[in-house]
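Protein chains get the first letters and strands the later ones, always in sequence-line order, with residue 1 at the start of each. Computation of the quantities below employed the complete heavy-atom set of this structure, encompassing side-chain atoms and omitting hydrogens, waters and symmetry-equivalent molecules. Please read these numbers as outputs of a predicted model, since none were measured by experiment.
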Amino acid sequence: MFITFLSDFGLQDEYVGSCHGVIKQIAPEVQVIDITHGIAPQAVLRGALVLANTLSYMPVGVHLAVVDPGVGSQRRALAIRAREGRLFVGPDNGLLLPATDQAGGVDAVHELANSDFALASVSRTFHGRDLFAPAAAHLARGVPIQSLGPPVDPGALVHVEVPAPSVAPTLIRATVLDIDRFGNIQLNLNRGHLLEQGITPGTQVEVEHLGERYYAVAARTFADARAGDLILYEDSYRWISIAISAGNAGELFAVAPGQELCIHPPGP
Amino acid sequence: MFITFLSDFGLQDEYVGSCHGVIKQIAPEVQVIDITHGIAPQAVLRGALVLANTLSYMPVGVHLAVVDPGVGSQRRALAIRAREGRLFVGPDNGLLLPATDQAGGVDAVHELANSDFALASVSRTFHGRDLFAPAAAHLARGVPIQSLGPPVDPGALVHVEVPAPSVAPTLIRATVLDIDRFGNIQLNLNRGHLLEQGITPGTQVEVEHLGERYYAVAARTFADARAGDLILYEDSYRWISIAISAGNAGELFAVAPGQELCIHPPGP
Amino acid sequence: MFITFLSDFGLQDEYVGSCHGVIKQIAPEVQVIDITHGIAPQAVLRGALVLANTLSYMPVGVHLAVVDPGVGSQRRALAIRAREGRLFVGPDNGLLLPATDQAGGVDAVHELANSDFALASVSRTFHGRDLFAPAAAHLARGVPIQSLGPPVDPGALVHVEVPAPSVAPTLIRATVLDIDRFGNIQLNLNRGHLLEQGITPGTQVEVEHLGERYYAVAARTFADARAGDLILYEDSYRWISIAISAGNAGELFAVAPGQELCIHPPGP
């Protein structure tokens, strides 16, 4: 049985290790796959997108996710069963829902209210260790989801939304979703948005951020451009991204997640 | 069988991976739980505290810890059996003792002197890989601790001490133990120190560092304060910490571990 | 069965986690050992050296390595069997060859051309997840290497070379291979290069970078020097390195991998 684990805990501190220890105390034979713990602190939308993006690459199991700015407040703690059988554990702040949608949508939701499946003492600030990790471990051992607590109306769950881009013939206003280690800038655009404006591989466009404008070319992959060239491409999760072949686009634009970046399609 | 592993090796280099490889060559079926490798370089006290803080969340097994500024010197290499059965492996510099205390205190100590349980060639600078990881792996396979080398007098072990705070009615002088990824500042104070000065949830205090003073409120959790408010709270390891609700207190105070931070209780 | 995994993916993003997920979907019982994912982005030579340096500490298995600036281009994707039985999977850019040499040299090479052993959809930018990880997982399950694709002439493989130092009686010009977390500076020198110029433990030399010169002493280990002293020593992979006892040499010299650093032997 597998538990996948995604969080914003980072690896500098002992938070991830503590959760692993708790899981292994409860379910020694379960295998834990760390998706990433590098989600920016409290970036719920980013966590939700990464969980959804990576889901099809993960074995079926329990998918534990903790990006939880509301820890200690009245926000609910959840276990969700998706129609295709995958189980999700995490806070009720939208983090789990895009991935649940990928897995066929919500089949059942229960609140983590049964203290038999939490640690004996639940701190007010670290529910990852004290509440979510134990629940995931018990589910992985075969505890039925309905044992964890009362059902929750799926219609009452908190959602997060990817901001919509503004796409017009002379200007595409996009939002930066992420900048990865290689400086690749992921945008809230898909191939359809570019096609609408006639942008296909080989089309030259201009990319603008805070008044700085650069030429870029739509391409299929890094190797289609010369070193140093800016490219627009569909990344491996099917989002449109901006990269510099053999360079770092994130540094060039000095851009951060959540900021706007504009694409100027070629004139008619 | 489990080996937990804590170090100051970081994850940028291959040091942690090399130790994992050595363990798996000797004990392929052992499961390794990485507590953290983000202890600041050579910060023995911090390593000792994290090992002790996390111990109760770890399955019983062999607890390997390497923060070892004295590698290559005459400092001893140790295996310790605690009264409750847990085994600890690491350098004789105090790193293992707070956790051993958590596990019932020292039952037996042996020096890692038997080369049958080290790699064939032990380098002068990387005992984690060549000496400590192999010893932990052999212990996990069931080698008796006394086979590793001669007994050591527990009274002769090196200790590290948490610095004591100065607690007076008008001023609490504390030392910063840690700043985590979220900017939460852990102090060498517990709830008793605050209660002595009449500070309970809801009490307003002032926090001072290098002449900068800010209001803060004693709280149970982040959600008890408005976004941007400074709070004093008991963290999930029962140390008093300072946080900013939805912010980063470490950046506000520009404080580092080992520095002093003062708390001014309210006047009478 | 073991898969070791080395890359330049870092741990901030979900790239490593996605590869783990893919491996576990194909080969749930395989154990994955992460050597490191902290190779500098696209630093093929560094990746090749770390893979070779750590190989003897890893259990025999499949050794997956991905540092792949040419992803999406015509560079080949390879599986290599070494004479001593270890298997290597990665791009044909030199990354795998120093480690293959450590394992007895090339016995057979096959191109990853059989889509039965890749994911159903192979992206143009993330062959680690879509091509290399699946191939490694299938090999670990026992798929014969020749099933993965046609044989490749070992003489046609791309190589990377460690730059050669210039060693003369009055001056040794070395290249920095790496600076680790502790600030230790690894050079492209071995003990023989120092012995040629009469440098043995205890010899005082001068170390120069960009005009800044400092005294250093050849030593066996950190403990042979006083805190703050610069030392030249043979590191645990048998490269000559520069360190400051209880300090950070990388910060002192503000040096980066690939830069030159000079050693002035003592006069006659």
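Environment of CZ in C:Arg124: sparse, with no more than 12 heavy atoms of neighbouring residues, nucleotides or ligands closer than 6.0 Å. Within 6.0 Å of CZ in A:Arg220 there are 12 or fewer heavy atoms belonging to other residues, nucleotides or ligands.
With a 4.5 angstrom heavy-atom cutoff, C:Leu119 touches chain A only via side-chain atoms. Looking at A:Asp180, the atoms closer than 4.5 Å to chain C (heavy atoms on both sides) sit in the backbone and in the side chain alike. The parts of C:Val71 that come within reach of chain A are both its backbone and its side chain, each placing non-hydrogen atoms under 4.5 angstrom from that chain. With a 4.5 angstrom heavy-atom cutoff, A:Ser56 touches chain C only via backbone atoms. Of the atoms belonging to A:Ile35, heavy atoms from both backbone and side chain fall under 4.5 Å from chain C. For C:Ser73, the parts lying under 4.5 angstrom from a heavy atom of chain A are both the backbone and the side chain. With a 4.5 angstrom heavy-atom cutoff, C:His127 does not touch chain A via any of its atoms. Of the atoms belonging to C:Asp130, it is side-chain heavy atoms, and not backbone ones, that fall under 4.5 Å from chain A. Proximity to chain C (any heavy atom under 4.5 Å) is restricted, for A:Ile179, to the backbone atoms N, CA, C and O. Heavy atoms of A:Asn248 lying under 4.5 Å from chain C are absent altogether. Using a 4.5 Å cut-off between heavy atoms, C:Pro69 does not touch chain A at all.
For the options A:Ser236, A:Gly183, A:Gly38, A:Ser245, heavy-atom pairs under 4.5 Å to chain C are most numerous at A:Ser236. Considering only heavy-atom pairs separated by less than 4.5 Å from chain C, the leading option among A:Met58, A:Arg181, A:Gln31 is A:Arg181.
Ring centroids of A:His63 and A:Phe2 are separated by 6.0 Å or more, keeping the two rings apart. For C:Phe126 and C:Phe9, the ring centers are positioned less than 6.0 Å apart.
Between C:Leu6 and C:Ile39, the closest side-chain pair of non-hydrogen atoms falls below 4.5 Å. Side-chain contact check for C:Leu49 versus C:Val162: some heavy-atom pair is nearer than 4.5 Å.
No side-chain donor from either of A:Asn188 and A:His193 sits under 3.5 Å from a side-chain acceptor of the other.
With A:Phe5 as the aromatic partner, A:Arg129 does not meet the cation-pi criteria of under 6.0 angstrom to the ring centre and within 45 degrees of the ring axis.
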Next item on the list: Take C:Asp68 and C:Arg75, measure what salt bridge (Lys or Arg N to Asp or Glu O under 4.0 Å) needs, and give me the verdict at the end.
Entry: CA-CA 9 Å; C:Asp68 191 17; C:Arg75 72 93 187 87; 2.7 Å; yes

